[in-house]
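Side chains included, hydrogens not; waters and symmetry mates left out as well; all remaining heavy atoms used. Convention: sequence-line order gives letters A, B, ...; per-chain numbering from 1.
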Amino acid sequence: MTASRPLADPRHSPNDDPFDIPFDLPAAPPRPGGIAARAAALARPDHAGQGRGVYLDGLNPEQRAAVEATDGPVLVLAGAGTGKTRVLTTRIAHILSLGLAWPSQILAVTFTNKAAREMKERIGAMVGEQVEGMPWLGTFHSIGVRMLRRHAELVGLRSGFTILDTDDQIRLLKQLLQADAIDEKRWPARLLANIIDGWKNRGLGPQQVPAGEGAAFANGRGQKLYAAYQARLKALNAVDFGDLLLESIRLLRENPDVLAEYHRRFRYILVDEYQDTNVAQYLWLRLLAAGSRNVCCVGDDDQSIYGWRGAEVDNILRFDSDFPGATVVRLERNYRSTGHILGAAAHLIAHNEGRLGKTLFSKGESGEKVTVTGAWDSQEEARAIGEEIEQLQRKDHALGQMAILVRASFQMREFEERFVTLGLNYRVIGGPRFYERAEIRDALAYLRVIASPTDDLAFERIVNVPKRGLGDAALRQIHDHARAAQLPLIEAARELAASEELKPKVRLTLRDLVGSFDRWRAQMTSLPQNELAEIVLDESGYTEMWQKDRSADAQGRLDNLKELVRSMETFENLIGFLEHISLVMDVDGGAGGDAVNIMTLHSAKGLEFDTVFLPGWEEGVFPNQRALDEQGRAGLEEERRLAYVGITRARRRAKVFFASNRRIHGLWQSAVPSRFLDELSEKDVEVTESRGGQGWGGGQSGRYGYGPSRFDEAQTFGSSYSTPGWQRAQNASRAGGAGASGGFSGGSFTDSRPSRFAASEKARGGGRLIEGELIARSSGPAARFAIGNRVFHQKFGYGEVVSVEGNKLTVQFDKAGEKKMVDSFVEAA
DNA sequence: ACCATTCACATTTTT
DNA sequence: TGTGAATGGT
């Protein structure tokens, strides 16, 4: 009913581009004298002729070549820090200025919303408001949605289809598994979701799944389940993320007329981070690019780090054969890092085989050498890094210009603990995203039910959240009735509540709930969506549920809800908001003060810092053992690329660390320094000792005790526990492995980090997504707490002060155990 | 329907 | 070790 109403797209307002209004458009290029020509005139300096705009000034010859090669396929191999985004954005400005295409005739695809935002901003800076006329600048997925909404019926959907997130996906699959009586222990829904995702990434529909693979899940039922899942999605008028591409491809393949329309439309296609594209994205691009053939892909094979989620480095390696006659431009002049950093990184990445090969160079100074520091264990590693940070801080280096890049998030904990003790400001970037938090999804589920009453998954999610006595039994009845009567869940619930079939108590609550939804829905048109949301959260008892919750992160969750409501303001209406949120579910965090950044190497891609700390360079951790076990040589190469990405994030200082002992899953394990350490060029590296730690290696032949050519023994990657390194490490651990524990350990971290989102303006600046911010304010004058005081800590929850020394407290937390910290981290409870 | 205990699990993450 | 999910008891 309501759901089939086409959705307005809140992101793009109509513009004066005459071609954007009717979708059918003439093939003729814009006439000179149009907007583009005017823009060109603006971009052109008065004294220069030949249509060369000011925007070209300051580009190096290769960059300029990449910008000016407008015709035919172009591959830009852009090494780290070589001005890739600049080329991309300038190229678009160039096309517009020359009047080669209208803004709406350019398809510019990125991977993340953030990248799309940045690109839009930078283009805007060059060409002004013309950028507003670029409706086809966005992520693969958002553009996919756009196409599907226009032609939904052609792929068996109605235009108002909903987009399921991973959570919905899994719940749906669970139902299918249950219906098929498949043991969820042996065959978890999560696994099936991943498998299906994998197929979709490779552009495979249920019918195209290779027989062997389809049989791999649940004794041969994988393929059947996939088909059932797709059927269920269609019935719900829903798609998952993978479908956005897969269905777009199907749309284009099965409807030549539609494809032809897009061919006429897209005169220029640009793709960012091409090394991260998966097969589906590649197929999609190839379909669209077959029109004008003016496709320009920018990427860096050395920075392909998402193979595990379907990215095909091959796409970039094969570009030349996919698009014969392609112009290939290499950007090798690095503007970011000093010579030593570049040298070390280049030497490392040279150990990879499957690469196109680039040699970065900089004309800048060689700067400080990359340091490699060994620590006894991970605590000392954290201590050493903390000290270095404080030293830099004393020399007036901004904390925000330092980053700790870890391989896996479990490594973060050590640093957080240390920094809390030191009173060092830090922020964790990445981690669970805003929209993944339970409270946000719950809130959204309420809104989804209001906006589209047929959204069964959303209804199911919140029938009993907060607890209102509608448990499994009640839900099953609703389900049964819904199936029998062919009704959406909420309508089934309505009928049940009116009948005598339920226990009086349940019947009343259910009637209440349905009534509430009716009431809210009636208010949808009369109230601004943010006010409505507030009312809903209030009247449903959802806010109250968290207010009553005494756990450490309850406050954070309430804050998140507030932030959600606040972020709704900028949208036209509820529908517009929901449409946006299903694809762009991130929120810009404010800058949040000066703080050290802690994040994974993956989330560091694309960023840069003056100083980069790279801890945990040990075999097994980095390169990650599992990557090695599961992916073999390919896994190792991807890990190496990850290392390369890490080092090249640094502008002036890259500081690598490893620990000889590390506690993994509670057990102390001795560790062998990472083979990647050996792969850093010696001339660019300085080996230092961690203060007080005997570190590792030192004077032996081969810097860390084993030959420089461990890489040659490629066959033994899997488990190299018999290598000399391991044996020596084991001896070392026997000599002194214990005793290093001490200090504080028992800290329990909840997975969701409480966060405070500073107020932020919509899509301003390079606003970073900052999550789980935990910033210490400078501590007040005198001791603010006394022994015995009850205090509250954002991460550890409630506790009692055990001792006070100046502004340092020891607190016994109810849940997290005893911690030492600076008093500014806690507040009176 | 809710709580407590037990059990398996333990990279990387976007849309 | 330590957490989240699932199961079983009240």
Side-chain angles (χ1 to χ4, degrees), chain A residues 109-116 138-145 163-166 169 174 184-185 188-190 194 197 200-201 239-246 273 276-278 280-281 304-311 405-413 429-433 435-436 438 464 467-475 503 505-506 509 580-586 599-606 616 620-631 635 638-639 641-642 645-646 662-669 741 745-752 769 815-817:
Chain A
V109 217
T110 64
F111 261 81
T112 64
N113 293 299
K114 197 183 113 204
T139 62
F140 280 99
H141 297 265
S142 68
I143 289 167
V145 177
I163 301 165
L164 301 192
D165 54 44
T166 326
Q169 212 179 21
K174 261 194 186 136
E184 276 191 69
K185 281 276 162 53
R190 189 105 238 137
N194 283 336
D197 246 30
K200 290 188 175 177
N201 283 155
V239 294
D240 64 18
F241 284 122
D243 284 338
L244 294 178
L245 284 162
L246 207 53
E273 307 275 20
D276 287 339
T277 49
N278 60 35
Q281 285 155 338
S304 163
I305 55 176
Y306 285 107
W308 49 274
R309 105 188 161 196
L405 309 182
V406 297
R407 171 66 243 261
S409 39
F410 71 82
Q411 294 171 263
M412 293 180 177
R413 171 202 231 250
I429 296 185
R433 308 252 149 210
Y435 63 84
E436 277 170 357
N464 203 27
K467 297 259 186 304
R468 33 172 89 85
L470 298 169
D472 282 352
L475 188 61
K503 290 197 218 132
K505 218 167 154 191
V506 179
T509 11
H580 173 84
I581 209 74
S582 61
L583 282 178
V584 191
M585 292 192 285
D586 61 359
M599 65 188 96
T600 63
L601 286 158
H602 282 94
S603 39
K605 194 171 82 164
V621 174
F622 192 35
N624 179 280
Q625 190 60 48
R626 212 153 130 182
L628 262 37
D629 289 345
E630 285 168 17
Q631 305 291 332
E638 184 152 313
E639 294 287 293
R641 275 179 243 130
L642 205 45
V645 166
R662 190 174 290 274
R663 205 166 45 175
I664 294 170
H665 310 330
L667 298 172
W668 280 98
Q669 307 249 265
S741 50
S745 39
S748 71
F749 284 77
T750 35
D751 200 39
S752 62
L769 175 69
K815 291 193 177 149

A.B. asks: Any side-chain N or O of A:Asn113 under 4.0 Å from OP1/OP2 of B:dT14?
C.D. replies: no
A.B. asks: Using a heavy-atom cut-off of 4.0 Å across all strands, would you classify A:Glu639 as base, sugar-phosphate, or nothing?
C.D. replies: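 The answer is base, as A:Glu639 lies within the cut-off (heavy atoms under 4.0 Å) of a base atom.
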A.B. asks: Scan A:Lys174 against the nucleic acid and name what it touches under 4.0 Å (heavy atoms): base, sugar-phosphate only, or nothing.
C.D. replies: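 Sugar-phosphate contact only.
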A.B. asks: Nearest 0.5 Å, please: how far is CZ in A:Phe241 from CG in A:Asp197?
C.D. replies: 10.0 Å
A.B. asks: Could you state the atom-to-atom distance from CG of A:Asn194 to P of B:dT12 in whole Å?
C.D. replies: 14 Å
A.B. asks: At under 4.0 Å between heavy atoms, what does A:Gly144 touch on the DNA or RNA strands: base, sugar-phosphate, or nothing?
C.D. replies: nothing
A.B. asks: In whole Å, what is the span from the NE2 atom of A:His602 to the P atom of B:dT14?
C.D. replies: 10 Å
A.B. asks: Between NE2 of A:His141 and OG1 of A:Thr110, what distance do you get to the nearest 0.5 Å?
C.D. replies: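 So the gap between those two atoms works out to 10.0 Å.
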A.B. asks: Atom NZ of A:Lys185 and atom C1' of C:dG4: how far apart are they, to the nearest Å?
C.D. replies: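 About 14 Å, once rounded to whole Å.
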A.B. asks: Between C:dA5 and B:dT12, how many Å separate the two P atoms, rounded to a whole number?
C.D. replies: 16 Å
A.B. asks: Of all the choices, B:dT14, B:dT13, B:dT11, which nucleotide is nearest to the side chain of A:Thr112 once you look at every atom?
C.D. replies: B:dT14
A.B. asks: Taking CD from A:Glu630 and C1' from B:dT12, how many angstroms apart are they, rounded to a whole number?
C.D. replies: 12 Å
A.B. asks: Could you state the CG-P distance from A:Asp165 to B:dT15, rounded to the nearest angstrom?
C.D. replies: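 Atom-to-atom, A:Asp165 to B:dT15, this comes out as 13 Å.
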A.B. asks: Taking A:Gln411 for the side chain and A:Ala408 for the main chain, is one N or O donor matched with an acceptor at less than 3.5 Å?
C.D. replies: yes
A.B. asks: When the distance from CD1 of A:Ile429 to C1' of B:dT14 is rounded to whole Å, what number comes out?
C.D. replies: 17 Å
A.B. asks: Answer yes or no: is there a donor N or O on one side and an acceptor on the other, between the side chain of A:Arg641 and the main chain of A:Ser304, under 3.5 Å?
C.D. replies: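 Such a contact is found between A:Arg641 side chain and A:Ser304 backbone.
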A.B. asks: Which nucleotide in the list B:dT11, B:dT13, B:dA1 gets nearest to the side chain of A:Ala473?
C.D. replies: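 That would be B:dA1.
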A.B. asks: In the structure shown, which nucleotide is the Watson-Crick or G-U wobble counterpart of B:dT12, with both distances under 3.5 Å?
C.D. replies: none
A.B. asks: Tell me: CG of A:Asn201 to P of B:dT15, nearest whole Å?
C.D. replies: 14 Å
A.B. asks: Here's a test of your reading of the structure: between A:Ala474 and A:His665, which maps to the more 5' nucleotide of DNA chain B?
C.D. replies: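 Taking each residue's closest nucleotide, the earlier one in sequence belongs to A:Ala474.
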A.B. asks: What's the spacing between A:Leu245 CG and A:Gln281 CD if we round to 0.5 Å?
C.D. replies: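 Going from CG on A:Leu245 over to CD on A:Gln281, the span is 5.5 Å.
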A.B. asks: Is any side-chain nitrogen or oxygen of A:Ser409 closer than 4.0 Å to OP1 or OP2 of B:dT12?
C.D. replies: yes
A.B. asks: Which value, rounded to the nearest 0.5 Å, describes the distance between A:His602 atom NE2 and A:Trp308 atom CH2?
C.D. replies: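 If I round to the nearest 0.5 Å, the distance is 5.5 Å.
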A.B. asks: Does A:Arg413 put a side-chain nitrogen or oxygen below 4.0 Å from OP1 or OP2 of C:dG2?
C.D. replies: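 Yes, A:Arg413 has a side-chain N/O under 4.0 Å of OP1/OP2 on C:dG2.
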A.B. asks: Can you tell me whether the base of C:dT7 sits syn or anti, using the 90° cut around 0 to define syn?
C.D. replies: anti
A.B. asks: Just how far, in rounded Å, is C1' of B:dT15 from CZ of A:Phe111?
C.D. replies: 10 Å
A.B. asks: Pick the P atom in B:dT13 and in C:dG2, then give their distance to the nearest Å.
C.D. replies: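 Nearest-Å result for B:dT13 against C:dG2 at atom P: 22 Å.
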A.B. asks: Name the residue closer to the 5' end of DNA chain B, choosing between A:Thr600 and A:Lys467 according to the nucleotide with the nearest heavy atom.
C.D. replies: A:Lys467
A.B. asks: From the options B:dT13, B:dT15, B:dT11, select the nucleotide whose nearest atom is closest to the side chain of A:Trp308.
C.D. replies: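 The nucleotide sitting nearest to the side chain is B:dT13.
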A.B. asks: Using only heavy-atom distances, decide whether a donor-acceptor pair under 3.5 angstrom links the side-chain of A:Arg663 to the base of C:dT1.
C.D. replies: no
